[in-house]
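Before any comments, here is the structure.
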Number of protein chains: 2
Amino acid sequence: MTDTPADADAPLSDVTGMLCFSLYSAGHAFTQLYRPLLDDLGLTYPQYLVMVTLWNRDGQNVKELGRALFLDSSTLTPLLKRLDAAGLITRTRNPKDEREVLIHLTETGKALKSSASDVMRCIAEAVGLDAETVRAIKESVDTIRDKIKS
Amino acid sequence: MTDTPADADAPLSDVTGMLCFSLYSAGHAFTQLYRPLLDDLGLTYPQYLVMVTLWNRDGQNVKELGRALFLDSSTLTPLLKRLDAAGLITRTRNPKDEREVLIHLTETGKALKSSASDVMRCIAEAVGLDAETVRAIKESVDTIRDKIKS
DNA sequence: GCAAAATAATTTGTACGCGATCCAATTGCA
DNA sequence: TGCAATTGGATCGCGTACAAATTATTTTGC
């Protein structure tokens, strides 16, 4: 990505010089950071993202969740089945359009929301940077993502 | 609309406000950007990262590759077997220490390096930001990653 | 009206990612 | 020297990710 040489002998930039690798490894690092905290809630990191999305707006269909999280329905379907099996959500066809499956939080699922603030507090502490710095980095990363998704 | 129990109406940030989600989704976006380019080389994105690492230094063992890429042997072992099956690398025990498996590029694997510069050129063009901007973002992301991995 | 196109989910197959666990080779130290 | 602890890989199980194909339902174009 930031390399110049095209000739086969010249040293190619190491992965440490590639922005894509930074994002790739930083994303994994966050998953690892979340894991022990989410284990207590019985959630994986992607499952947690779905729950956060639903805590903000309940009753979305699979397509809408996919748009919010940039995930395909083939990823979400089994994930949602596991959340269903765990008793955190319900999956019902929309009577107005039987193609859609509406996802609703159960009482258990809603109740879990209060534990989430503890998780967020722990994460913020682990990152240990002021809110403004984090916001600036996030903005840059979002810009890159939106650019390459266009 | 959505009814919200008294203790659960706290302004929980949406996933779009979470840095971890920005990194998570940006990482996926890069994988998607690479996919069609790497398909031509018969590589997946993680396989490509391994190849880049080996193009820079041939003959590393699994542990060293794992340190460079922040990946576990349980991830690398099957991935390396696939690269082996594809004829791009060889896996041989180190005679000096039979615990180690040394990874060496085959001629085919070395030859693939020249195609990689085309890939890098395409990616750089798609990102469409000047090198200095990219470097600054990368530095911020690396700082975060190293911070939460400590 | 109604067949064709479009849409929403699901299923299937391949490939990560990683915790947990196991095994063989090596090292350390009493 | 002898054996326990350590180390490097491999294996297993579970849960993502995503392309491609399938099914069910709705919309459309004529």
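The CG atom of B:L69 sits 13 Å away from the C1' atom of C:dC16 (whole-angstrom rounding). If you take CG of B:L33 and P of D:dC18, they are 13 Å apart, rounded to a whole angstrom. Look at CG on A:D72: it is 12 Å from P on C:dA8, rounded to the nearest Å. Across the protein-nucleic acid pair, B:I89 atom CD1 and D:dG9 atom P stand 12 Å apart, rounded to whole Å. Distance, B:L76 CG to C:dC18 P: 10 Å, rounded to whole Å. When the C1' atom of D:dT16 is taken as reference, atom CE of A:M51 falls 17 Å away, rounded to whole Å. Rounded to whole Å, the distance from CG on B:L80 to P on D:dT11 is 12 Å. In this structure, CG of A:L65 is placed 14 Å from P of D:dT16, rounded to the nearest angstrom.
Phosphate contact (OP1/OP2 of C:dG17, side-chain N/O of A:Y24, threshold under 4.0 Å): present. Put simply, A:R35 has a side-chain N or O that comes within less than 4.0 Å of OP1 or OP2 on C:dG19. A close approach under 4.0 Å does occur between a side-chain nitrogen or oxygen of B:K81 and OP1 or OP2 of D:dT11. OP1 or OP2 of D:dG9 has at least one side-chain nitrogen or oxygen of B:N61 nearer than 4.0 Å. Here A:Q47 reaches the OP1 or OP2 of D:dT16: one of its side-chain N or O atoms lies under 4.0 Å away. For D:dA17, neither phosphate oxygen OP1 nor OP2 lies less than 4.0 angstrom from any side-chain nitrogen or oxygen of B:Q32. Contact annotation: A:T77 reaches the phosphate of C:dT10 (side-chain N/O to OP1 or OP2, under 4.0 Å).
Comparing atom distances between the A:V62 side chain and each of C:dT11, C:dA9, D:dA24 picks out C:dA9 as nearest. In this structure, of D:dT26, C:dA25, C:dG17, it is D:dT26 that holds the atom nearest to the side chain of A:D97. Set against C:dG17, D:dT27, C:dT10, the side chain of A:H28 has C:dG17 as its closest nucleotide. Residue A:R99 has its side chain nearest to D:dT26 when only C:dA9, C:dC16, D:dT26 are considered.
Between A:E98 and B:P78, the one whose closest nucleotide on DNA chain D sits nearer the 5' end is B:P78. For A:K96 and A:S74, each mapped to the nucleotide of DNA chain D holding its nearest heavy atom, the one lying further toward the 5' end belongs to A:S74. Two residues, A:A29 and A:R91, neighbour DNA chain C, and the one matched to the more 5' nucleotide by heavy-atom proximity is A:R91.
Contact annotation for B:R67: no contact, since no heavy-atom pair falls under 4.0 Å across all strands. At a threshold of 4.0 angstrom between heavy atoms, the contacts of B:T44 are confined to the sugar-phosphate backbone, with no base atom among them. Backbone-only contact: B:L71 has heavy atoms under 4.0 Å from sugar-phosphate atoms and none from a base. Within the nucleic acid shown, A:L79 comes within 4.0 Å of sugar-phosphate atoms alone, with no base atom in reach, counting heavy atoms only. The residue A:R82 sits close to a base: some heavy atom pair falls under 4.0 Å.
A:D72 and A:T75 form no side-chain donor-acceptor contact under 3.5 Å, judged by distance and modelled atom types alone.
A perpendicular orientation is assigned to the rings of B:W55 and B:Y48, their planes being inclined by more than 60° (bins at 30° and 60°). Ring geometry, A:F21 versus B:F70: the interplanar angle falls under 30°, so the pair is classed parallel (tilted spans 30 to 60°).
Salt bridge present: B:R121 and B:D118 bring a charged side-chain N and a carboxylate O closer than 4.0 Å.
When the options A:L80, A:L71, A:L49 are evaluated for a side-chain contact (heavy atoms from CB on, under 4.5 Å) with A:L65, the one that passes is A:L80.
Formation of a donor-acceptor pair under 3.5 Å by the A:S114 side chain with backbone atoms of A:A111 is found in this model.
Considering only heavy atoms from C-beta on, B:D58 comes within 4.5 Å of B:K110 through its side chain.
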